[in-house]
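Scroll down for the structure; my scribbles are underneath it.
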2 protein chains.
Amino acid sequence: MKTSISVAIVEDKEAIRQSLAILVDGADGFVCRLTFETAEDALDQLAEEPVDVVLMDIDLPGMNGIECVRQLKPRCPQTQFMMCTVYDEDETVFDALKAGATAYILKRSPPHKLLEAITELHEGGAPMSSTIARKIAGSFHVSPTATQELDVLTSREREILDRLAKGHSHKEVANDLFVSPTTVRKHIFNIYEKLQVHSKVEAVNKYLGRK
Amino acid sequence: MKTSISVAIVEDKEAIRQSLAILVDGADGFVCRLTFETAEDALDQLAEEPVDVVLMDIDLPGMNGIECVRQLKPRCPQTQFMMCTVYDEDETVFDALKAGATAYILKRSPPHKLLEAITELHEGGAPMSSTIARKIAGSFHVSPTATQELDVLTSREREILDRLAKGHSHKEVANDLFVSPTTVRKHIFNIYEKLQVHSKVEAVNKYLGRK
DNA sequence: CCGACAATACCGCATTTGTATGATTTTTAG
DNA sequence: CTAAAAATCATACAAATGCGGTATTGTCGG
């Protein structure tokens, strides 16, 4: 038989923490190893005794769950973090993902869904509610006007813009491409006109699709 | 009773196209409205007769499925696009998402999974295979060193850096924050020292966590 | 062949920016 | 309270940049 998935729970509300622990520990193939009331407590111990999966509440007194993940993830990279929240609208999803969380589910998920999610997370997936998933997928969407704008650039101009994006100066680009600095400046000037911007940072932002 | 989910299929291989069509059309609550052999054909008609969900093969002769989505999505924004592929390793996922696709599944998925995915997509989700989901979640992950570097900045410095990231000049930032331009320059200089960079673009790149 | 466009290059000017030094005032932390 | 850190401002200079005009060469489609 396979070894159980070891789980830790970080949740300030006594009742929820208890019921989560009982749910996980009672299910076949899972074992609830540790529970914590605060992020600070979790930080101390989880680094010492890593588990497979951590269920992390976001709204915690003191340090919040996202910050906790940010600090814990580098110290136990093999542990997977699942954020648990009551909101599914929030921008916090992205912060959580940046911090190193891999899953993001709603507290109101039915018990069997929660267990499924833990399993999926442990097996290499990234379970999240459908609205969250949609939000994430949508965040990649590049507005057609953005890519269209780049289409007006010539390949040479794109080449130069790409180097500007890396933080190179006129001179460096010129040396890189074996052309005169004035040529590069002319190109950049043309790029600005086409993209309707007036500085490197603005041009690079458009190029990289940042707003 | 609810109206069925209308589906279109874009797939060059006859056999696959047929069996997909039969699967979808045969299932309760789905109707396969259109099928296409090439991206070009789909482009012509789908703009006229939008459907709820399009199953889009990526490897197509001529225009590929991603480019097809890119052109089609702006013209029928209410339509959801589900990419179908044999690979799940590829970087093409990100291109597909950027182009406007919302789901990304493997061709080898069992029939009932496919129908489930169509339903989920239509109801506001973003179904994708677990390895894909993991890859996407991971793409958000900011390396701890990157955030650590930003930690050495004071809140004022971050405030200024944030405005530089938007393409503002020294003067604009100064006006924004009601301080003298020389102060802003001093701050920027300090930022450069702390981040070990020598230009706006480099600083902004570090700030926004891209190399 | 011709016109449009891309790539190359130069000159020049005003402004912005990067760097350096120094100083004063607030805020913060021990 | 006191020392350290942060925020403020000034002055100065050289380099980089943004903006404008002009010109030559090569390529490509009509």
Side-chain angles (χ1 to χ4, degrees), chain A residues 40 43 62-63 67 71 145-208 210-211, chain B residues 62-63 146-211:
Chain A
E40 287 81 357
L43 223 45
M63 182 186 298
E67 188 53 38
Q71 297 193 28
T145 50
T147 31
Q148 256 175 249
E149 282 180 318
L150 294 181
D151 282 348
V152 307
L153 299 182
T154 67
S155 62
R156 192 56 156 177
E157 285 166 350
R158 265 191 290 272
E159 206 175 352
I160 286 172
L161 189 46
D162 189 73
R163 282 170 166 84
L164 289 189
K166 289 177 180 136
H168 296 169
S169 69
H170 289 177
K171 242 183 227 169
E172 289 169 323
V173 175
N175 288 333
D176 244 33
L177 301 181
F178 306 106
V179 295
S180 113
T182 49
T183 302
V184 174
R185 292 176 70 187
K186 179 63 173 170
H187 280 306
I188 294 176
F189 182 65
N190 291 335
I191 292 169
Y192 287 176
E193 272 196 325
K194 289 182 180 178
L195 299 187
Q196 311 227 61
V197 298
H198 310 278
S199 75
K200 282 190 189 181
V201 176
E202 285 178 292
V204 170
N205 280 346
K206 285 223 174 190
Y207 178 60
L208 298 180
R210 311 161 168 163
K211 273 286 197 351
Chain B
M63 182 188 298
T147 36
Q148 254 174 252
E149 283 180 319
L150 295 180
D151 281 349
V152 305
L153 300 181
T154 67
S155 61
R156 192 58 157 175
E157 286 166 348
R158 265 191 292 271
E159 205 175 353
I160 287 171
L161 188 46
D162 190 72
R163 283 170 167 82
L164 289 188
K166 291 179 180 134
H168 296 170
S169 69
H170 288 176
K171 244 184 227 171
E172 289 170 323
V173 175
N175 288 333
D176 244 34
L177 302 181
F178 306 106
V179 296
S180 109
T182 49
T183 302
V184 174
R185 293 176 71 190
K186 177 68 169 169
H187 280 305
I188 293 176
F189 184 66
N190 291 335
I191 292 170
Y192 287 175
E193 271 196 326
K194 289 182 180 178
L195 299 186
Q196 311 227 61
V197 298
H198 308 276
S199 73
K200 284 190 189 181
V201 176
E202 285 179 291
V204 170
N205 280 345
K206 285 224 173 187
Y207 177 60
L208 298 179
R210 334 214 172 171
K211 278 285 192 353

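Here the structure is a predicted model, which is why all the values come from computation and not from measurement. Residue numbers start from 1 in every chain, and the chains themselves are labelled A, B, ... in the order their sequence lines are given, proteins ahead of strands.
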d([atom1], [X]; [atom2], [N]) in whole Å:
{"X": "A/Phe178", "N": "C/dA7", "atom1": "CZ", "atom2": "C1'", "result": "17 Å"}
{"X": "A/Glu159", "N": "C/dA6", "atom1": "CD", "atom2": "C1'", "result": "13 Å"}
{"X": "A/His187", "N": "C/dC10", "atom1": "NE2", "atom2": "C1'", "result": "14 Å"}
{"X": "A/Leu153", "N": "C/dA6", "atom1": "CG", "atom2": "C1'", "result": "13 Å"}
{"X": "B/Lys171", "N": "C/dT17", "atom1": "NZ", "atom2": "C1'", "result": "12 Å"}

message: Could you measure the distance from the CG atom of B/Leu153 to the CG atom of B/Asn190? Nearest 0.5 Å is fine.
response: 10.0 Å
Distance in Å, A/Glu172 CD paired with A/Lys166 NZ, rounded so as to fall on 0.5 Å steps: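 Interatomic distance, A/Glu172 CD to A/Lys166 NZ, rounded to 0.5 Å: 12.0 Å.
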message: Please encode protein proximity along nucleotides 19-30 of chain C as a string of B, S and -, counting only heavy-atom distances under 4.0 Å.
response: BSBB--------
message: Using OP1 and OP2 only, check whether a side-chain N or O of A/Thr182 sits under 4.0 Å from C/dC10.
response: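 The answer is yes; a side-chain N or O of A/Thr182 sits under 4.0 Å from OP1 or OP2.
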- request: Considering just the side-chain nitrogens and oxygens of A/Thr183, establish if one lies under 4.0 Å of OP1 or OP2 belonging to C/dT8.
  value: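 Indeed not, no polar side-chain atom of A/Thr183 lies that close.
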message: Between B/Asn205 and A/Ala165 (side chain of the first, backbone of the second, donor and acceptor by atom type, cut-off under 3.5 Å), is there such a pair?
response: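 Side chain of B/Asn205 to backbone of A/Ala165: a pair is present.
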task: Output yes when a side-chain donor or acceptor of B/Glu202 lies under 3.5 Å from a complementary backbone atom of B/His198, and no otherwise.
output: yes
[Y]/[X] salt bridge by N-O under 4.0 Å criterion:
{"X": "A/Lys194", "Y": "A/Glu157", "answer": "yes"}
{"X": "B/Asp162", "Y": "B/Arg158", "answer": "no"}
{"X": "B/Lys206", "Y": "B/Glu149", "answer": "yes"}

message: Below 4.0 Å from chain A heavy atoms, what is the first contacting nucleotide of DNA chain D and what is the last?
response: D/dA16 to D/dT22
field: pair B/Val201-A/Leu164: side-chain heavy atoms closer than 4.5 Å
entry: no
query: What's the closest nucleotide to the A/Ser180 side chain, out of C/dT17, C/dA7, C/dA9?
result: C/dA9
field: Nearest non-hydrogen partners of B/Ala174 and B/Ser180, listed with the distance
entry: CB-C, 3.9 Å
